[in-house]
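Everything on this sheet refers to the single structure shown next.
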Amino acid sequence: MHDNETSNIVINVPFLSPAESSQAAKSGGCFPAAASVQISSGAQIPISQLRVGDRVLALDTNTGKPVYSEVLLFLDRDPERHRAFLRIRTASGRQLALTPSHLVLVADSTGMTRGVFASRVRPGDRLLVEDPKALSESPRLLPDEVVAVDGSSLEEGVYAPLTAAGTVMVDGVAASCYAAVNSQSLAHWSFAPLRIAANARSAASRLWSLAWHVEPRTYSNSTVTSGVHWYAKFLYGVAIRVLPSSWMYSE
């Protein structure tokens with residue numbers, strides 16, 4: 001089976017036309033290579049150096065609190081592709097660059113969040129950002145008001161990690177792992193099979209390492225296939241056929 005970590009076998013999505021397949025890639029959400037994330041050691045690294053199996057700072061949408069969540073795979077990864085990215089600026093000086101179709105987690109007065117397409121974020125919306133005064137071992141999040149959304153600029157590299165939490169803190173701002181459909185909960189539910197498969201694979205790897213006294217398998221960036229993950233393309237094909245058009249991203 002093709003996945004973004006291990007195989008070069010190509011799986012075609014039979015009911016997705018070439019035009020729809022192309023649109024799926026265009027509608028996908030991602031971050032540029034220059035974006036940074038925080039891994040469980042407390043180090044800040046470029047998202048281009050993030051690996052499957054790393055634990056990265058994310059948001060638990062059930063509690064509104066930060067957690068370190070495992071990177072299961074990449075929904076899209078292409079170091080050489082150029083995409084147009086919006087840049088969202090906040091009152092504290094945070095900047096989040098991402099594609100227009102990517103979901104941003106906008107917070108309400110209670111701190112709970114909902115997914116909003118980046119292209120629909122407006123000044124006055126509140127995002128959750130890392131508290132700069134908190135230690136990396138005990139991160140905290142604060143609401144931060146959007147002051148501007150800059151127009152598209154072309155940047156190199158596209159990266160869309162999928163974490164177990166379905167969220168990721170990028171450049172200190174809470175963002176979704178998902179795009180194209182304007183529901184964080186629906187998107188997270190629809191990717192449950194991938195999370196189950198990834199967790200099973202991780203458990204099998206740990207059991208193998210314990211049984212044979214070897215290190216669990218790790219994945220280098222060289223083993224990650226470039227392009228949009230086949231399951232993301234499959235879900236896009238399903239979504240455009242069963243969901244109301246108002247739920248889907250359109251330029």
Side-chain angles (χ1 to χ4, degrees), residues 1-32 47 52 61 69-86 98-105 114-121 152 157-168 170 175-201 219 223-251:
M1 181 174 70
H2 171 275
D3 61 36
N4 265 26
E5 293 93 78
T6 59
S7 174
N8 291 321
I9 300 173
V10 175
I11 291 182
N12 293 316
V13 182
F15 60 87
L16 206 59
S17 70
E20 290 169 341
S21 182
S22 175
Q23 185 59 37
K26 291 178 181 178
S27 297
C30 50
F31 307 98
I47 200 169
V52 171
T61 55
S69 185
E70 183 180 354
V71 176
L72 304 178
L73 50 82
F74 282 84
L75 295 174
D76 196 357
R77 184 181 184 279
D78 192 336
E80 298 181 357
R81 199 189 331 161
H82 288 73
R83 288 284 303 270
F85 294 91
L86 298 179
L98 71 177
T99 48
S101 64
H102 206 110
L103 290 181
V104 178
L105 300 174
R114 61 186 175 89
V116 177
F117 292 134
S119 63
R120 298 179 185 173
V121 173
S152 297
V158 295
Y159 296 86
L162 175 64
T163 66
T167 63
V168 60
V170 177
S176 173
C177 291
Y178 309 118
V181 176
N182 68 350
S183 171
Q184 172 70 16
S185 58
L186 177 60
H188 195 55
W189 175 84
S190 66
F191 277 92
L194 282 189
R195 292 196 301 277
I196 293 170
N199 288 336
R201 183 170 57 244
Y219 297 95
T223 64
V224 178
T225 305
S226 291
V228 180
H229 194 282
W230 71 266
Y231 189 75
K233 287 185 178 181
F234 167 77
L235 283 182
Y236 181 81
V238 173
I240 61 177
R241 285 164 171 78
V242 303
L243 293 180
S245 59
S246 60
W247 285 42
M248 303 295 297
Y249 175 76
S250 61
E251 295 179 317

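Quick caveat, the model's predicted, so the values are computed rather than measured.
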For the residue pair Trp230 and Phe234, categorise the inter-ring angle as parallel (less than 30°), tilted (30 to 60°) or perpendicular (more than 60°). tilted

Measure the shortest side-chain to side-chain distance between Val228 and Tyr236 over non-hydrogen atoms and say whether it is less than 4.5 angstrom. no

Check whether any side-chain heavy atom of Val170 lies under 4.5 Å from a side-chain heavy atom of Leu98, and answer yes or no. no

Among Leu235, Leu162, Leu194, which residue meets the side chain to side chain contact (heavy atoms under 4.5 Å, CB included) test with His229? Leu194

Taking every heavy atom of Ala164 against every heavy atom of Ser69, the minimum-distance pair comes out as N-OG, 3.2 Å

Please report the shortest heavy-atom distance between Val52 and Leu73, naming the atom on each side. CG2-CA, 3.9 Å

Closest heavy-atom pair and its distance - Thr99, Ala118: O-CB, 3.5 Å

Just wondering, do His188 and Thr61 contact through their side chains at under 4.5 Å, heavy atoms? no

Hey, can you tell me if His102 and Phe31 have their rings parallel, tilted or perpendicular (30° and 60° cut-offs)? tilted

Any side-chain heavy-atom pair of Val181 and Met248 under 4.5 Å: yes

Students often mix this up, so state it plainly: with edges at 30° and 60°, are the rings of Tyr159 and Phe74 parallel, tilted or perpendicular? perpendicular

Find out whether Tyr178 and Ser183 are in side-chain contact, i.e. whether some heavy atom of one side chain is under 4.5 Å from a heavy atom of the other. no

Take atom CZ in Arg195; do more than 12 heavy atoms of anything else shown fall under 6.0 Å from it? yes

What pair of heavy atoms forms the shortest contact from Cys30 to Phe85, and how long is it? O-CE2, 3.5 Å

Which heavy-atom pair separates Leu103 from Gly115 by the least distance, and what is that distance? CD2-C, 4.0 Å

Gly166 backbone acceptor or donor facing Gln184 side chain under 3.5 Å: yes

Taking every heavy atom of Tyr249 against every heavy atom of Pro100, the minimum-distance pair comes out as OH-CB, 3.3 Å

Starting from the C-alpha separation in whole Å, work towards a yes-or-no answer on side-chain contact (heavy atoms from CB on, under 4.5 Å) for Leu186 and Leu243. CA-CA 11 Å; Leu186 177 60; Leu243 293 180; 4.0 Å; yes

Leu75 side chain reached by Phe191 side chain, heavy atoms, under 4.5 Å: yes

Contacts of Ser250 that satisfy side chain to side chain donor-acceptor pair (under 3.5 Å) - sequence neighbours left out: none

Taken to the nearest 0.5 Å, the spacing of Asp76 CG from Lys233 NZ works out to 9.0 Å

